[in-house]
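Lettering of chains follows the sequences in order, A, B, ..., and the numbering in each one begins at 1. Just so you know, these numbers use all the heavy atoms, side chains as well, and skip hydrogens, waters and symmetry mates.
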Amino acid sequence: MDLSGLNPSQREAVETLNGPVLVLAGAGTGKTRVITYRMARLIRAGVPADRILSVTFTNKAAKEMLERTQGLIGKSLKKRPWISTFHSLCVKILREDITHLGYPERFTIVDRGDQESLARKVLRDIRVTEKSLRPGDLLSLISRWKSTGLSPERVADVAQDDKEFLGSMGYRRYQQSLKASGSVDFDDLLLLTEKLFDGFPDVLARHQERFSHVQIDEYQDTNGIQFRLIEALVRPHRNLCVVGDDDQSIYGWRGAEVKHILGFAHQFEGAKVVRLEENYRCTDRIIDIANRLVKHNRDRHNKVLRAHKAAKEEVRFVEFPDEQLEAEKVVGEIRFLHQKKGHPLRDFAILFRTNEQPRLFETELRRQQLPYVLMGSQSFYDRKEIKDLLCYLKVIWRLEDEQSLLRIINTPPRGISTSATQKLLDRAVRIGEPIWKVVDAAEAEGDITPKAAEAARRLHSQFRRWQREFDERPTQLDRLVQSLLEEIDYDRELERQYKEEEQQVARKATLEDYVNSIAEYIDRTSEPSLHDYLTTVVLERRDEGPDKEAMANADAVKLMTLHSAKGLEFPRVYMVGMEEGLLPHKRTVEGTEAEIAEERRLAYVGVTRAQESLTLTRAASRRKWGKPRPSPASRFLFEMRGSDD
DNA sequence: CTGATTGACGTTTTT
DNA sequence: CGTCAATCAG
């Protein structure tokens, strides 16, 4: 195997195959290369591919890594290495044994939207007004507790203030209703896997045997549970290689703890530590300001990136009177560079802190007729018709999934009114049976009309038939969905809902795209199934609506948050909105030093995305709720520029 | 039961 | 300035 393309440090990381290894890899130092070469090396050394596990941060990264590794090996592999995110890995583990924990074999994963409405309902149930605790706050509390492994029962003792106390009651109720409906949220995937490992040693042993070598990318972003899961998995052999950069830890708010990467050598005694400090991505000017910026953080591994590329352009700091002009001029410059200087559009990225910022840029890009992709927005799966269809699929997967059933029980209208639905639901909850089972009794006791009862029974038998069909022909998912749509005559429903012809056409086109995306899913999946599909849709970054994936590969300006830019690189980067209150964000300015440090790392991540050209812009005044307000320059700008502070 | 209008209210990041 | 939920009129 040819390792001549690697520098000595990279080679050392690749060739230390056994025992714990910590690779401290700065931005742009080739850490993904190290992991892929390492996997190829392991396979060449005779380790069966399917005993290698590599954990990535996103599913997209996993996909890329698999392709690259296969490229290195040259020939196609009979067995594939396991490359996936923590969450997808846990789904696979749970799928085999979740029944041990009292969950149904056919569990469903709730997505963000479901989670929010559940949180809202929980708060209503325990009579907490949104003023004292917002649904979003409840969810982030729950997520934080779950990521430290705290169960609802123990949380009340730990609550530190009123909000947390209310939150602890909410948590208990939230968890009860999730479990009662046989659903798990993102954090449960990890939490339940840990429970499984703790409570069932034989299950753990099975998985320990399954993997002989484990690698983790973006190690700085692992949280407590993830750390414990991995620690348990590698306990017998300790063949663990983690790769990360403490300066790029930007998920502290989600429970990620830098201490795992800072303390790795301590946790895993005898660990080999390799530093990668040769940066091949950015010009020296860019590395300069990145180093200067991050020096302001304490509590970090001391590394200094060395650039290998001389700059042709200076880093630019530009100020505009307001955010409108910021968008106009940035887009104008991109258009100029593209049309007059021949820079392809795919070279450009506009990075920002919040999801509200891109709006103006989108308008401007459209006005100046430049193709663009807004990454990370999940608008495609948020469309009503797609959601409806997904709910059909979820009910087909598990007939008892009432949350999903409620959404579509009368869409299209089939004579089951909201009041009848309510009656059925009440009864079902009261006696603890699925809705389907209480229809006859409800009819007999006059709760619902015979017509509604008949409709419900008909729907039930339809669902049972669909379930059979989907179970029997998993490889024809797309065609089954297509015929499902025809059977329920969803087209007519669209015509009913939307009066304008234009709307109807657009919505129908969306559905068509959607069916096509299922076909694509089948093509790229070795063992397609309804369950696998549903988890994929929920877990994968869904920015790749069918049209978007094409756009992303095509020539288009990319717009994304700093968070979603992690791990990517672009020749020409614009970091916009470099203002106090935006970056660092207002909420952290009022917070602790540690939170500011995380914002600084976020800025660092942004800066180090740029390969050739970096432009940092800010608006002197920014509109907030209609009124313009002065917006002071971000402190990070001074830190980057100032020779010393 | 649908559709339109009003009014309160809000600021982060995502697997 | 937008969004979204609650409210009201048809």
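The base of dT12(B) has none of its N or O atoms less than 3.5 Å from a complementary donor or acceptor on the side chain of Lys586(A). Within 3.5 Å, no donor on the side chain of His585(A) pairs with an acceptor on the base of dT12(B), nor the reverse. Between the side chain of Arg353(A) and the base of dT13(B), a donor-acceptor pair under 3.5 Å is found.
The nucleotide whose nearest atom lies closest to any side-chain atom of Phe186(A) is, among dT14(B), dT15(B), dT11(B), dT15(B). Here the side chain of His87(A) is nearest to one of dT11(B), dT15(B), dT12(B), namely dT15(B). The side chain of Glu599(A) has dT12(B) as its nearest neighbour among dT12(B), dT14(B), dG2(C). Comparing dT14(B), dT11(B), dT12(B) against the side chain of Lys624(A) picks out dT11(B) as the nearest. Side-chain proximity of Arg359(A) to dT15(B), dG2(C), dT12(B): nearest is dG2(C). For His563(A), the listed nucleotide lying nearest its side chain is dT14(B); candidates were dT12(B), dT14(B), dT15(B).
Rounded to whole Å, atom P of dG10(B) lies 11 Å from atom CG of Asp137(A). A straight line from CG of Leu602(A) to C1' of dT14(B) spans 12 Å, rounded to a whole angstrom. Atom CZ of Phe57(A) and atom P of dT14(B) are 10 Å apart (whole Å). Atom CD in Glu323(A) sits about 11 Å away from atom C1' in dC1(C), given to the nearest Å. Atoms CE (Met578(A)) and C1' (dT12(B)) sit 15 Å apart, rounded to a whole Å. Protein atom CZ of Phe227(A) is 20 Å distant from nucleotide atom C1' of dT15(B), rounded to whole Å. In this structure, CZ of Phe86(A) is placed 15 Å from P of dT15(B), rounded to the nearest angstrom. Arg144(A) has its CZ atom 18 Å from the P atom of dT13(B), to the nearest Å.
Here Arg622(A) does not reach the OP1 or OP2 of dC1(C): none of its side-chain N or O atoms lies under 4.0 Å away. OP1 or OP2 of dT14(B) sits under 4.0 Å from a side-chain N or O of Thr561(A). Considering only side-chain N and O atoms, Thr58(A) lies nowhere under 4.0 angstrom from the phosphate OP1 or OP2 of dT14(B).
Of the candidates Leu568(A), Ile350(A), Leu374(A), Met560(A) forms a side-chain contact (heavy atoms from CB on, under 4.5 Å) with just one, namely Leu568(A).
Side-chain atoms of Leu360(A) and Gln324(A), non-hydrogen and from C-beta on, do get closer than 4.5 Å to each other. For the pair Val607(A) and Met640(A), the minimum side-chain heavy-atom distance is below 4.5 Å. Residues Leu583(A) and Met575(A) form a side-chain contact, since some pair of their non-hydrogen atoms from C-beta on lies under 4.5 Å apart.
In summary, the aromatic rings of Tyr604(A) and His296(A) are positioned with their centroids too far apart to meet the 6.0 Å limit. The distance between the ring centers of Phe361(A) and Phe352(A) does not fall below 6.0 angstrom.
Within the nucleic acid shown, Asn355(A) comes within 4.0 Å of sugar-phosphate atoms alone, with no base atom in reach, counting heavy atoms only. Among the heavy atoms of the strands, none lies under 4.0 Å from Lys627(A). Within 4.0 Å (heavy atoms only), Tyr251(A) reaches sugar-phosphate atoms of the nucleic acid but no base atom.
Judged by centroid separation below 5.5 Å and plane tilt below 30°, Trp253(A) stacks onto the base of dT13(B).
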